[in-house]
Number of protein chains: 2
Amino acid sequence: MNSDFTLAIHSLTLLALQPDRMSTSDAISESAGVHPVRIRKVLSLLKRSGIIKSKEGNGGGFIFALDPGEVSLWEIYKVTSEGTLQPKCPVSNEKCIVGANMHRVLFLIFLGAENHLGEYLKGYTIKEMADLIKQGQ
Amino acid sequence: MNSDFTLAIHSLTLLALQPDRMSTSDAISESAGVHPVRIRKVLSLLKRSGIIKSKEGNGGGFIFALDPGEVSLWEIYKVTSEGTLQPKCPVSNEKCIVGANMHRVLFLIFLGAENHLGEYLKGYTIKEMADLIKQGQ
DNA sequence: TATACTGTAATAGATATAATTACAGTAGAA
DNA sequence: TTCTACTGTAATTATATCTATTACAGTATA
């Protein structure tokens, strides 16, 4: 699974625990253990989809735009990782009945798998993630 | 997703369509578009778990050991790809409440996701894969 | 005993992922 | 108004992962 997904969850959980002030990509990157530029890249996707807001300049950073209790892991998956469950098959032999048709059959099966996974991921919101993190204390 | 999984499905579907004779790694690799050594590696996993049989030497190859209608994609997933849904998180900051606990929380969520995916994959057997491939003709 | 296979390790090559560098643009504060 | 601290994003470099290739031992058949 695409690690942008878990990086987005990590970042959003941090933001949910800091609801009143902006968090910088530097601060988030320090918590997540990745480069700040990567944080900005992933968070720019979440911004485009309206989940968070950002502000440039001195005192700027990132902050939730929605209620963390309304944002599920499925929405985050769709923004950061949709389609990544789909394996990249090599180009198979079109002269063989299996090679010629497997790609299409697998595509449909993995499409179903992704939707099925969606039902599971809808069961977790960022608020719940933040609560689980706090319980871990 | 690990492409060993789809390669295993491809190979097994071929074997299901050739129930009466052995298929060589060369023949399978030609259909799947990958190197024969890789086929042998993946099929050795399936052999170890008793799904197929193999025979060395002249006239040897691979053949189903079970009824293809009894082998589901979930069993193949477990043999070839168990745990690969789990993303590899970078080492995060233990001094931060999120960094210190996120890994454990995500691990449990992805464990649940894998089991949930399992319920979906149990819905497809290799026999059904072979039927879908034949319908595509 | 020649041939056609599997089994597997070791290495090289290709591809994907992530870090780093660089810099333009923006906003607050001295 | 200029310094400082941010985001946004492209380009490049580094690293990790995946795959092909080579090599060869072992096995079964003819």
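Computation of the quantities below employed the complete heavy-atom set of this structure, encompassing side-chain atoms and omitting hydrogens, waters and symmetry-equivalent molecules. Every chain is numbered from 1, with letters handed out A, B, ... down the list of sequences.
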Looking only at side-chain N and O atoms, does Ser54(A) come under 4.0 Å of OP1 or OP2 in dT7(D)? no
Go through dA5(D), dA19(C), dA4(C) for me and flag the one nearest to the Val34(A) side chain. dA19(C)
Where each residue is assigned the nucleotide of DNA chain C containing its nearest heavy atom, which of Gly33(A) and Asp26(B) is assigned the position nearer the 5′ end? Asp26(B)
Rounded to whole Å, CG of Asn58(B) lies from C1' of dT6(C) at a distance of 12 Å
Does Gly59(B) reach a base, just sugar-phosphate, or nothing at all? Heavy atoms under 4.0 Å. nothing
OP1 or OP2 of dT21(D) versus the side-chain N and O atoms of His35(B): is any pair under 4.0 Å? yes
Expressed in angstrom and rounded to an integer, what is the separation of Ile63(B) atom CD1 from dC5(C) atom P? 15 Å
Measure from CE on Met22(B) to P on dT6(C) and round the result to the nearest Å. 9 Å
Describe the nucleic acid contact of Lys47(B) in one word from base, sugar-phosphate, nothing, applying a heavy-atom distance below 4.0 Å. sugar-phosphate
Just to confirm, is there a sub-4.0 Å distance from OP1 or OP2 of dT17(C) to any side-chain nitrogen or oxygen of Ser3(A)? no
Should we say atom CD of Glu30(B) is surrounded by more than 12 heavy atoms from elsewhere, each under 6.0 Å from it? no
Rounded distance [0.5 Å steps], CD1 in Ile52(B) versus CD1 in Ile63(B): 10.5 Å
Among dG7(C), dA18(C), dT21(D), which nucleotide has an atom closest to any side-chain atom of Arg38(A)? dA18(C)
Starting the side chain at C-beta, find the nucleotide from dT6(C), dG28(C), dG25(C) nearest to Lys55(A). dG28(C)
Give the rounded distance in Å between these two atoms: CD1 of Ile39(A) and P of dG8(D). 13 Å
Closest to the side chain of Asp4(A), out of dA18(C), dT6(C), dG8(D), is dA18(C)
Same cluster for Val105(B) and Phe110(B) if Ile/Leu/Val/Met/Phe/Trp/Tyr side chains link at under 4.5 Å? yes
Over 60° means perpendicular and under 30° means parallel, so classify the ring planes of His116(B) and His116(A), tilted if in between. parallel
Rounded to whole angstrom units, what separation is found between the NZ atom of Lys41(A) and the P atom of dT21(C)? 14 Å
Mind calculating the distance between CG (Leu43(A)) and C1' (dG8(D)) to the nearest angstrom? 12 Å
Do other residues, nucleotides or ligands put more than 12 heavy atoms under 6.0 Å from Gln18(A) CD? yes
Quick one: is Thr24(B) getting a side-chain N or O under 4.0 Å of the dC5(C) phosphate, OP1 or OP2? no
Roughly, in whole Å, what's the span from CG in Asn2(A) to C1' in dT17(C)? 10 Å
Ignoring backbone atoms, establish whether Lys88(A) has a side-chain N or O less than 4.0 Å from OP1 or OP2 of dT15(C). no
Length of the CZ-P vector between Arg40(A) and dG25(C), whole Å: 16 Å
